[in-house]
Undergrad: 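Quick one: structure below, then a few questions.
When a ligand or atom number is given, it counts from 1 through the structure's own listing order.
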Amino acid sequence: MERLQKIIAKSGYTSRRKAEEFIQKGKVKVNGKVITELGYKAEEQDDIEIENVHLKKEEKEYYLLYKPIHTISSVKDEQNRKTVIDLIPTKTRIYPVGRLDYDTTGILILTNDGELTNILTHPRKQIEKTYLAKIDGILTGEEFQRLKKGIVIEKRKVIPTRVKLRLKNKNKNVSKIEITITEGRNHIIKKIFEELNHPVLELKRESIAFLNLDGLKKGEYRKLTLKEIKKIYSYK
Ligand code: URA
């Protein structure tokens with residue numbers, strides 16, 4: 001639910017101030033009913049009419065991107081660095097669902113659907129995200145057990161759903177750990193391995209729930225299928 005004037009302004013029809021004037025003058029209808037109250041809240045799917053013109057609802061778009069390194073997971077960057085939005089040619093105001101660090105690669109969903117975003121990011125939904133972390137050194141058996149039992153980060157324990165050793169290179173003194181977690185705090189994977197004194201050297205997010213990067217190369221994207229969108233909505 002959002003204030004009527006905000007929905008009108010967001011649609012690009014007019015400014016928020018002008019929208020307030022239209023409302024006060026009785027020129028705005030919601031689902032056929034005149035609304036003059038400025039605090040009125042409407043839903044995105046409501047039929048909004050201003051001076052007999054129906055507001056066009058923005059089509060929903062859903063993308064799955066293989067985020068390359070050195071891209072920012074936001075709509076704009078103050079330092080003018082390349083953003084993930086630059087990789088998807090659309091005029092729709094999409095945004096990334098959650099964040100991946102500048103130097104992290106992997107799966108990222110972009111959309112203009114606020115409800116789907118809420119489903120994917122709400123802590124209660126416990127959406128699984130799987131990462132492949134290349135780390136400095138090789139975890140001892142003890143460290144591995146500690147990781148499995150959960151690491152306290154900023155007073156809250158992160159208990160991974162799954163942890164797996166994927167690669168061990170004794171010569172180079174590096175290893176790769178697959179780790180699945182359901183939370184989304186910033187830099188969380190890096191903090192976990194920092195806590196274990198095995199800093200992350202490279203990080204890739206391989207999957208979010210049932211979605212993965214199959215068939216995509218770095219920098220490539222595809223649209224989510226209707227079946228995939230419905231499946232995400234089924235978590236609601
Ligand atoms: N955890 C991190 O440390 N970085 C990311 O980009 C995602 C999760």
Side-chain angles (χ1 to χ4, degrees), residues 63-79 81-88 94-111 116-139 143-144 146-167 174-214 216-221 232 235:
Y63 299 93
L64 188 163
L65 171 73
Y66 188 160
K67 178 193 174 297
I69 202 164
H70 301 155
T71 45
I72 294 281
S73 292
S74 60
V75 177
K76 252 194 214 146
D77 181 48
E78 278 161 13
Q79 295 168 47
R81 286 172 297 184
K82 196 170 184 157
T83 75
V84 288
I85 304 291
D86 296 331
L87 297 168
I88 299 177
I94 55 167
Y95 53 83
V97 176
R99 274 166 192 275
L100 286 180
D101 295 334
Y102 187 63
D103 58 356
T104 299
T105 61
I107 182 169
L108 190 67
I109 306 296
L110 297 104
T111 184
L116 183 120
T117 303
N118 286 340
I119 297 168
L120 287 176
T121 55
H122 200 289
R124 228 183 307 134
K125 299 290 174 220
Q126 300 270 299
I127 302 289
E128 288 188 353
K129 284 146 291 211
T130 298
Y131 296 85
L132 185 64
K134 181 177 174 185
I135 59 167
D136 182 33
I138 293 158
L139 296 180
E143 287 167 335
F144 202 78
R146 216 186 125 203
L147 176 59
K148 274 177 132 175
K149 281 195 189 132
I151 304 285
V152 178
I153 305 291
E154 283 136 26
K155 295 187 186 147
R156 239 179 46 225
K157 204 174 206 178
V158 189
I159 304 174
T161 317
R162 279 184 304 280
V163 190
K164 222 157 94 183
L165 174 69
R166 284 253 292 258
L167 188 132
V174 294
S175 50
K176 285 190 178 177
I177 308 282
E178 179 188 310
I179 175 168
T180 303
I181 55 170
T182 55
E183 75 155 273
R185 278 187 276 165
N186 276 347
H187 317 303
I188 195 70
I189 298 289
K190 289 178 185 165
K191 285 177 180 166
I192 289 171
F193 287 102
E194 205 65 58
E195 197 60 33
L196 288 163
N197 291 317
H198 290 277
V200 169
L201 306 173
E202 283 171 25
L203 187 61
K204 175 184 175 187
R205 182 158 68 190
E206 295 191 319
S207 64
I208 301 172
F210 58 92
L211 298 164
N212 60 40
L213 292 163
D214 286 358
L216 293 178
K217 296 195 187 83
K218 280 181 193 153
E220 289 183 343
Y221 68 89
I232 298 170
Y235 299 149

Undergrad: In terms of side-chain geometry, is the basic nitrogen of R81 or D77 positioned less than 4.0 Å from the acidic oxygen of its partner?
TA: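 Counted as a salt bridge, because a side-chain N and a carboxylate O are separated by less than 4.0 Å.
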
Undergrad: Return all side-chain donor-acceptor pairs below 3.5 angstrom for residues 192-202, not counting sequence neighbours, or 'none' if the list is empty.
TA:
residue: H198; atom: ND1; partner: D136; partner atom: O; Å: 2.7
residue: H198; atom: NE2; partner: E143; partner atom: OE1; Å: 2.8
residue: H198; atom: NE2; partner: E143; partner atom: OE2; Å: 3.3

Undergrad: Quick one: list whatever passes salt bridge (Lys or Arg N to Asp or Glu O under 4.0 Å) with E206, sequence neighbours left out.
TA: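 With sequence neighbours excluded, E206 shows a salt bridge (Lys or Arg N to Asp or Glu O under 4.0 Å) to R166, given in chain and number order.
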
Undergrad: Where does ligand 1 get N/O contacts under 3.5 Å from the protein, atom by atom?
TA:
residue: ligand 1; atom: 1 (N); partner: I188; partner atom: N; Å: 3.4
residue: ligand 1; atom: 1 (N); partner: I189; partner atom: N; Å: 3.1
residue: ligand 1; atom: 3 (O); partner: H187; partner atom: O; Å: 3.2
residue: ligand 1; atom: 3 (O); partner: I189; partner atom: N; Å: 3.4
residue: ligand 1; atom: 3 (O); partner: K190; partner atom: N; Å: 3.0
residue: ligand 1; atom: 4 (N); partner: D101; partner atom: OD2; Å: 2.8
residue: ligand 1; atom: 6 (O); partner: D101; partner atom: N; Å: 2.7
residue: ligand 1; atom: 6 (O); partner: D101; partner atom: OD2; Å: 3.4
residue: ligand 1; atom: 6 (O); partner: T104; partner atom: OG1; Å: 3.0

Undergrad: For R99, what residues pass the side-chain contact (heavy atoms from CB on, under 4.5 Å) criterion, not counting sequence neighbours?
TA: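 S73, S74, N186.
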
Undergrad: Nearest 0.5 Å, what's the CZ-CG distance between R205 and L132?
TA: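 Separation between the atoms: 13.5 Å.
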
Undergrad: In this structure, which one of T117, T111, T83 forms a side-chain hydrogen bond (donor to acceptor under 3.5 Å, both in side chains) with Y95?
TA: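 Per the side-chain hydrogen bond (donor to acceptor under 3.5 Å, both in side chains) rule, the option paired with Y95 is T117, out of T117, T111, T83.
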
